[in-house]
Amino acid sequence: MTRIIIVLSVLLLSACHAPPREGADTASATATEVFPGVTLNAATRTVTFDAVVPNEAHDAPAWVLLESVVCTPNTREHETLLVADVRPSHVHAALLAIGLEPGEPGGFAWTGSALEPRRARGPRLIIAFEYASPDGAVQFVEPQAWIVRAGDGAPFPDRLSSVPQTGWLFAGSEIIDGAAQRDVPYAADREGTLIGLSTFGSETITWAETWTPESAYAVVEWVANPDTIPPAGTLVTVHIRPEAQE
């Protein structure tokens, strides 16, 4: 585990001292591309990266069951809202650089014959999607706006719900040392779970409630909202910042 901590420390130092992006205008002069595709604005404590709406999100969307919000290429495109060509460990390091400490992804444990959920922990985050609608207007929405419950179309829980700890959390993924790491110790880099919805245990960022992706134990009930998700191929900038700034 010591080696993993050293690696993340190096990433953090890189994030803090990387030069500004070429061509940055005055308004974004404090924004720095700290890793490929990952930008950090220290003044607003905001981490951003670009993503795209995949074709899979529009293949009979009423049946596209969501287990992820943002995944990396060639991983979970068939069950996600967005695909981003960035490394989850780089997003993790950028969140460290704005002063956040990760918690722990959710999980499950057997208690006798019952599968008991363990809630995720971590700092609460605000996530916003920025994109241009077909008429050219710039839109800002939270991920919840693109998610509904299968069957009845009920809205996804709001992060401002009265339910304790509801919302997006910096969980930090699982970090595996030793022979089990398969040369990719940061689990989200291997599995593509950058922003998760169902609980795999490898999410860098996750929803606070714990939902199993295993159909044998529960029904995955959240789907892409066909009325709000933009067309396939739409470019989206994902903004992440601490909720405490509100």
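All values reported here derive from a predicted model rather than from experimental measurement. Along the sequence shown, residues carry numbers from 1.
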- [ ] Using the side chain to side chain contact (heavy atoms under 4.5 Å, CB included) rule, pick out the option among T206, L66, V70 that qualifies with L197.
- [x] L66
- [ ] Please check if the side chain of N55 supplies one atom and the backbone of A232 the other of a donor-acceptor pair under 3.5 Å.
- [x] no
Open item on the list: Please report the interatomic distance CD1(I195) to CG(L82), rounded to the nearest 0.5 Å.
Closed with: 8.0 Å
Open item on the list: Looking at T204 and G172, would you say the former's side chain and the latter's main chain have a donor-acceptor pair under 3.5 Å?
Closed with: no
Open item on the list: If we count only N and O atoms by modelled type, under 3.5 Å, do the side chains of N41 and T46 hold a donor and an acceptor together?
Closed with: no
- [ ] Check P143 against W168 and note the closest heavy-atom contact, atom names and distance.
- [x] CB-CZ2, 3.8 Å
Open item on the list: Using side-chain heavy atoms (C-beta onward) and a distance below 4.5 Å, is V53 in contact with V236?
Closed with: yes
Open item on the list: In the structure I gave you, are the side-chain heavy atoms of L235 and Y131 within less than 4.5 Å of one another anywhere?
Closed with: no
Task: R76 to F200 six-membered ring, cation-pi geometry met (6.0 Å, 45°) - done: yes
TODO: Return the minimal non-hydrogen interatomic distance between Q139 and S133, and the atom names on each side.
DONE: NE2-OG, 3.5 Å
- [ ] With rounding to the nearest 0.5 Å, note down the distance linking CD in E130 to CG in D50.
- [x] 9.0 Å
TODO: Determine the minimum heavy-atom distance between T30 and A43, stating which atoms define it.
DONE: OG1-CB, 4.2 Å
Task: Distance-minimising heavy-atom pair for V86 and P88 - done: O-CD, 3.5 Å
TODO: Check for a donor-acceptor pair, side chain of T228 on one end and backbone N or O of A145 on the other, with a separation under 3.5 Å.
DONE: yes
Open item on the list: Within the 4.5 Å heavy-atom criterion, are P230 and F129 side-chain neighbours or not?
Closed with: no
Task: Near-ring test F156/W207, centroid separation under 6.0 angstrom - done: yes
Task: Pair F170 + H92: ring centers closer than 6.0 Å - done: yes
- [ ] Would you give the length of the straight line joining atom OG of S198 to atom CD of E209, rounded to the nearest 0.5 angstrom?
- [x] 12.0 Å
TODO: Using the side-chain contact (heavy atoms from CB on, under 4.5 Å) rule, take V52 and T234 through it: C-alpha gap first, then chi angles, then the decisive distance, then the call.
DONE: CA-CA 6 Å; V52 65; T234 299; 6.0 Å; no
Open item on the list: Consider side chain to side chain contact (heavy atoms under 4.5 Å, CB included). Of T193, L169, V238, L95, which one does I205 pass it with?
Closed with: L95
- [ ] Would you name the heavy atoms of A51 and A84 that are closest together and state the gap between them?
- [x] CB-CB, 3.9 Å
Open item on the list: Assigning hydrophobic clusters by single linkage (Ile, Leu, Val, Met, Phe, Trp, Tyr; side-chain heavy-atom cutoff under 4.5 Å), is V83 placed with F35?
Closed with: no
TODO: For the pair T75 (side chain) and T72 (backbone), establish whether a donor and an acceptor sit closer than 3.5 Å, ignoring hydrogens and angles.
DONE: yes
- [ ] First locate atom CZ of R45, then atom CD1 of I240, and finally report the distance between them rounded to the nearest 0.5 Å.
- [x] 13.5 Å
Task: Heavy-atom pair of closest approach, residues A94 and L40 - done: O-CD1, 3.5 Å
TODO: Working to the nearest 0.5 Å, report the span between CD1 of I175 and OG of S202.
DONE: 12.0 Å
Task: Student check: side-chain heavy atoms of F49 and L194 closer than 4.5 Å - done: yes
Task: Chi angles and distances behind the side-chain contact (heavy atoms from CB on, under 4.5 Å) call for Y186, E174 - done: CA-CA 6 Å; Y186 192 83; E174 181 183 17; over 6 Å; no
Task: Reported CD1-to-CG distance for the pair I147 and L81, which is rounded to 0.5 angstrom - done: 5.0 Å
TODO: Using the rule that two of Ile, Leu, Val, Met, Phe, Trp, Tyr join whenever any of their side-chain heavy atoms come within less than 4.5 Å, decide whether I127 and I98 are in one cluster.
DONE: yes
